[in-house]
Amino acid sequence: MELKFSTFLSLTLLFSSVLKPALSDLCNPDDKKVLLQIKKASGNPYVLTSWKSDTDCCDWYCVTCDSTTNRINSLTIFAGQVSGQIPALVGDLPYLETLEFHKQPNLTGPIQPAIAKLKGLKSLRLSWTNLSGSVPDFLSQLKNLTFLDLSFNNLTGTIPSSLSQLPNLNALRLDRNKLTGHIPKSLGQFIGNVPYLYLSHNQLSGNIPTSFAQMDFTSIDLSRNKLEGDASVIFGLNKTTQIVDLSRNLLDFNLSKVKFPTSLTSLDINHNKIYGSIPVEFTQLNFQFLNVSYNRLCGQIPVGGKLQSFDEYSYFHNRCLCGAPLPSCK
């Protein structure tokens, strides 16, 4: 009798240990199947070593599960050697809110069209990769996006005007690509939030859209492009703009006539064709950073505020700018 009981106990323990992983597996089986296919399609990279069929995918590295539904809601693959194109299978994770491929030099091809299926997506970051092709128009269908980062890639073509139809966008990063053409006027007509706007280090040309006068950008970076003409539309007395970088363009306007917001803390306009003088209102601004070098400015640097706290390199190589920290005016 004792032998039978011990045998029964051993079998019970055996079955419970076999069944336990299955019973405690929170991961949705459809999500798990898709993730394993993504791993295979990506060349089984080391960063996805934890993705094994006999473990709970809610515990895997690079993914998270929703605490209520246990559906995969985040796929974030940082570094590691993911190769090839973004698998179309990412579109088969219907509950994704965050999708990130970051610092993946072997990731190539276009931005995956299947991403358009992810209607619940809030954050899309495809940065520091070798993705190429255009910024796709379908991104404007992802109405829940709050963050869109396509920086540090090899994207070409123009900026789609439809991006202004994203009502919840807080930040738009298209910097460090090879984008050409004009900045679409629609980027001055966002229908919801006014996002932080980063378009630097591209080959954008033409004028800054006059529609920007309607937008109150907290932070805007248009540096290192081929932009021309007037940039005064970015500023305004009633705006709350804090950070503006327009450096290394071909901008040509009178700085003296621009109305600057009192909120401005950082202004970089170096290497342009900007003329006039430094407004005396600059002494009232709480600048943390200022660079007006390599322009065509003249006259005395106003005394006061933070203006003398910056060194000569913030002011030099202008037509006839003078006064501290530059040599005194004659």
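Asn170 contributes no side-chain N or O that, together with a main-chain N or O of Phe147, makes up a donor-acceptor pair within less than 3.5 Å. The closest donor-acceptor contact from the side chain of Ser223 to the backbone of Arg248 lies at 3.5 Å or more, if one exists at all. Between the Asn249 side chain and the Asn225 main chain, a donor and an acceptor come within less than 3.5 Å of each other. Using a distance-only test at 3.5 Å, with no hydrogens or angles considered, a donor-acceptor pair links the side chain of Lys239 to the main chain of Ile234. Looking only at distances, a side-chain donor or acceptor of Ser211 sits under 3.5 Å from a matching main-chain atom of Lys185. With hydrogens and angles ignored, the 3.5 Å screen pairs no side-chain donor or acceptor of Asn295 with any backbone N or O of Asn318. Between the Asn202 side chain and the Asn177 main chain, a donor and an acceptor come within less than 3.5 Å of each other. A donor-acceptor pair under 3.5 Å is formed between the side chain of Asn153 and the backbone N or O of Thr129. Looking only at distances, a side-chain donor or acceptor of Asp31 sits under 3.5 Å from a matching main-chain atom of Ile72. The backbone N or O of Leu93 sits nowhere less than 3.5 Å from a side-chain atom of Lys117 that would complete a donor-acceptor pair.
For the cysteine pair Cys65 and Cys57, the distance separating the two SG atoms is not below 2.5 Å. SG distance check for Cys322 and Cys329: under 2.5 Å.
To the nearest 0.5 Å, atom CG of residue Asn73 and atom CD of residue Glu97 are 5.5 Å apart.
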Check: Tyr61 and Thr49: side-chain contact (heavy atoms from CB on, under 4.5 Å), yes or no, with the steps?
Finding: CA-CA 8 Å; Tyr61 186 59; Thr49 301; over 6 Å; no

Next item on the list: Just do the side-chain contact (heavy atoms from CB on, under 4.5 Å) check on Leu199 and Leu187 with the steps written out, would you?
Entry: CA-CA 11 Å; Leu199 306 179; Leu187 294 194; 4.3 Å; yes

Next item on the list: Before giving the answer on side-chain contact (heavy atoms from CB on, under 4.5 Å), spell out for Leu204 and Leu222 the whole-Å C-alpha distance, their side-chain angles and the decisive distance to 0.1 Å.
Entry: CA-CA 9 Å; Leu204 301 170; Leu222 307 179; over 6 Å; no

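In this structure, the side chains of Tyr275 and Arg319 stay at 4.5 Å or more apart for every pair of heavy atoms. Side-chain contact between Leu179 and Leu155: present, with at least one pair of heavy atoms (C-beta onward) separated by less than 4.5 Å. Between Gln81 and Val47, every side-chain heavy-atom pair lies at or beyond the 4.5 Å cut-off. Under the 4.5 Å side-chain criterion, counting only non-hydrogen atoms from C-beta, Leu131 is not in contact with Gln104. Contact of the Ile111 side chain with the Phe138 side chain is registered, since non-hydrogen atoms from C-beta on lie closer than 4.5 Å. The shortest distance between side-chain heavy atoms of Gln141 and Lys119 falls below 4.5 Å. The shortest distance between side-chain heavy atoms of Asp221 and Asp175 does not fall below 4.5 Å. Within the 4.5 Å cutoff, no side-chain heavy atoms of Val292 are placed close to those of Ile274.
Of the candidates Leu48, Val63, Asp30, Leu35 forms a side-chain contact (heavy atoms from CB on, under 4.5 Å) with just one, namely Val63.
In the displayed structure, Phe316 atom CZ is contacted under 6.0 Å by more than 12 heavy atoms of other residues, nucleotides or ligands. Around atom NZ of Lys259, no more than 12 heavy atoms belonging to other residues, nucleotides or ligands sit under 6.0 Å away. Heavy atoms of other residues, nucleotides or ligands lying less than 6.0 angstrom from CZ of Phe287 number more than 12.
Not counting sequence neighbours, Lys40 has no partner by the side-chain hydrogen bond (donor to acceptor under 3.5 Å, both in side chains) test.
The aromatic rings of Tyr198 and Tyr196 lie tilted to each other, with the angle between the two planes from 30° to 60°. The aromatic rings of Trp60 and Trp51 sit parallel, their planes meeting at an angle under 30°, below the 60° perpendicular limit. A parallel orientation is assigned to the rings of His271 and Tyr294, their planes being inclined by less than 30° (bins at 30° and 60°).
Leu148 and Trp128 fall into different hydrophobic clusters, where Ile, Leu, Val, Met, Phe, Trp and Tyr are joined by side-chain heavy atoms under 4.5 Å apart, directly or via other members.
Contact between Lys52 and Lys32 at its shortest, heavy atoms only, is O-CE, 4.1 Å. The shortest heavy-atom contact between Asn168 and Asn144 is ND2-CA, 4.1 Å.
Between Phe260 and Phe282, a ring centre-to-centre spacing shorter than 6.0 Å is recorded.
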